[in-house]
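Read the structure below first, then the notes.
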Amino acid sequence: MISKQTTKCFIFGALKSLTIKYFIMKNILVTGSVGQIGSELTLELRKRYGNENVVAGIRKTQPSGELKESGPYVVVDATDIKNVSEVVKEYKIDTIYHLAAILSAVAENNPQAGWNVGVNALYNVLEVAREFNCSVFFPSSIGAFGPSTPLDNTPQDTIQRPTTMYGVTKVTGELLCDYYFKRFGVDTRGVRYPGIISNVTLPGGGTTDYAVEIYYEAIKNKKFVCPLAKGTFLDMMYMPDSIRAAIDLMEADPSKLKHRNAFNITAMSFDPEIVADEIKKHIPDFVMEYDVEPVKQAIAETWPNKMDDSAAREEWGWKPKFDLEAMTIDMLKAIGDRYKGNSW
Ligand code: SER
């Protein structure tokens with residue numbers, strides 16, 4: 001016999017979990033979903049919130065594989081406010097991860113496009129978020145700092161006078177996000193990403209791309225020609241940590257956030273020699289040569305050697321899981337397996 005008490009508990013339990021489910025249900029739009037971060041973040045968000053609830057926003061490049069099969073996708077040009085507004089309305093979006101971006105070296109070659117995608121598109125996203133009451137995640141970058149910033153243990157709040165168009169758009173973006181929160185109450189949150197290392201989708205035209213390419217070249221040719229000079233230290237992070245950072249921050253208790261936007265986050269800092277030596281532990285005959293690219297080198301020299309990310313650690317519990325050693329093992333295995341299977 002089932003007692004009245006048990007029945008009551010069961011009904012109460014079912015109602016409670018329904019209520020919780022209702023309140024945590026999200027409809028998410030990811031702009032730039034086929035990019036380096038977007039392609040992996042979208043899949044992780046689908047695992048957490050349900051495939052149907054995460055819309056992959058694309059521009060020209062069509063999604064493929066699991067990204068295409070696992071959930072909805074839609075063409076959205078973030079530089080067109082009408083288009084953003086239509087998509088948000090149609091899919092009843094309440095959270096936007098705005099990842100559409102042009103990386104630093106490409107933006108330096110085409111500063112007009114850098115501004116359009118870096119600032120005008122973000123402005124459109126924020127305006128639509130204001131109208132439809134959406135939360136917004138915006139990725140800033142180590143590029144938001146410049147030569148007059150203290151480059152060692154770069155503080156959370158410090159001088160920001162970047163000398164690249166990419167950096168100018170990131171500082172503008174940080175300020176816009178703060179403004180939309182303070183002025184309109186839009187729930188904006190964001191981090192300053194370091195160079196991100198991953199083995200699914202290649203980055204395109206960033207200053208830190210060498211730290212991805214070196215792993216592919218080590219597996220394919222046992223040789224890498226490095227575009228940054230020996231001694232150029234930069235902050236870096238493995239993709240699983242970058243994704244967790246974005247989602248954890250968006251789920252963090254807002255009452256604990258003093259900054260909300262532009263949190264410094266890092267997982268490791270190295271120069272080309274250090275990552276090459278780590279790879280040599282696994283591929284002893286790996287060799288690296290240097291052919292320094294002046295544009296990338298000039299950019300890298302204005303960026304921090306190592307950021308202080310204590311504000312992120314204190315305010316929402318940020319802590320990376322991968323250091324250089326663990327990341328190198330994982331990268332070489334993932335790329336090596338794919339290379340053996342010839343699936344690229
Ligand atoms: N990875 C970016 C770049 O190199 C920096 O955020 O452009």
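Throughout, numbering of the chain's residues begins at 1 and tracks the sequence. Remember, it's 1-based here, ligands and their atoms both numbered in the order they're listed.
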### Query
How about Tyr49 and Thr95: does a side-chain donor come under 3.5 Å of a side-chain acceptor?
no
### Task
Starting from atom 4 (O) of ligand 1, find the nearest protein heavy-atom neighbour and note its residue, name and distance.
Thr207 N, 2.6 Å
### Query
Does any N or O atom in Trp303 lie less than 3.5 angstrom from one in ligand 1, N or O only?
no
### Query
Take atom CD in Glu66; do more than 12 heavy atoms of anything else shown fall under 6.0 Å from it?
no
### Message
Counting non-hydrogen protein atoms only, what is the nearest one to atom 5 (C) of ligand 1? Give residue, atom name and distance.
### Response
Ser141 OG, 3.4 Å
### Task
Return a yes/no value for Thr208: is any of its N or O atoms, backbone included, closer than 3.5 angstrom to an N or O of ligand 1?
yes
### Message
What protein heavy atom lies closest to atom 7 (O) of ligand 1? Include the residue and the distance to one decimal.
### Response
Ser104 OG, 2.6 Å
### Query
Is it true that Arg59 and Asp77 have a side-chain N and a carboxylate O under 4.0 angstrom from each other?
yes
### Task
Using the side chain to side chain contact (heavy atoms under 4.5 Å, CB included) rule, pick out the option among Ile142, Asp235, Ile37 that qualifies with Tyr193.
Ile37
#### Entry: Residues Asn51 and Arg46: side-chain donor-acceptor under 3.5 angstrom
no
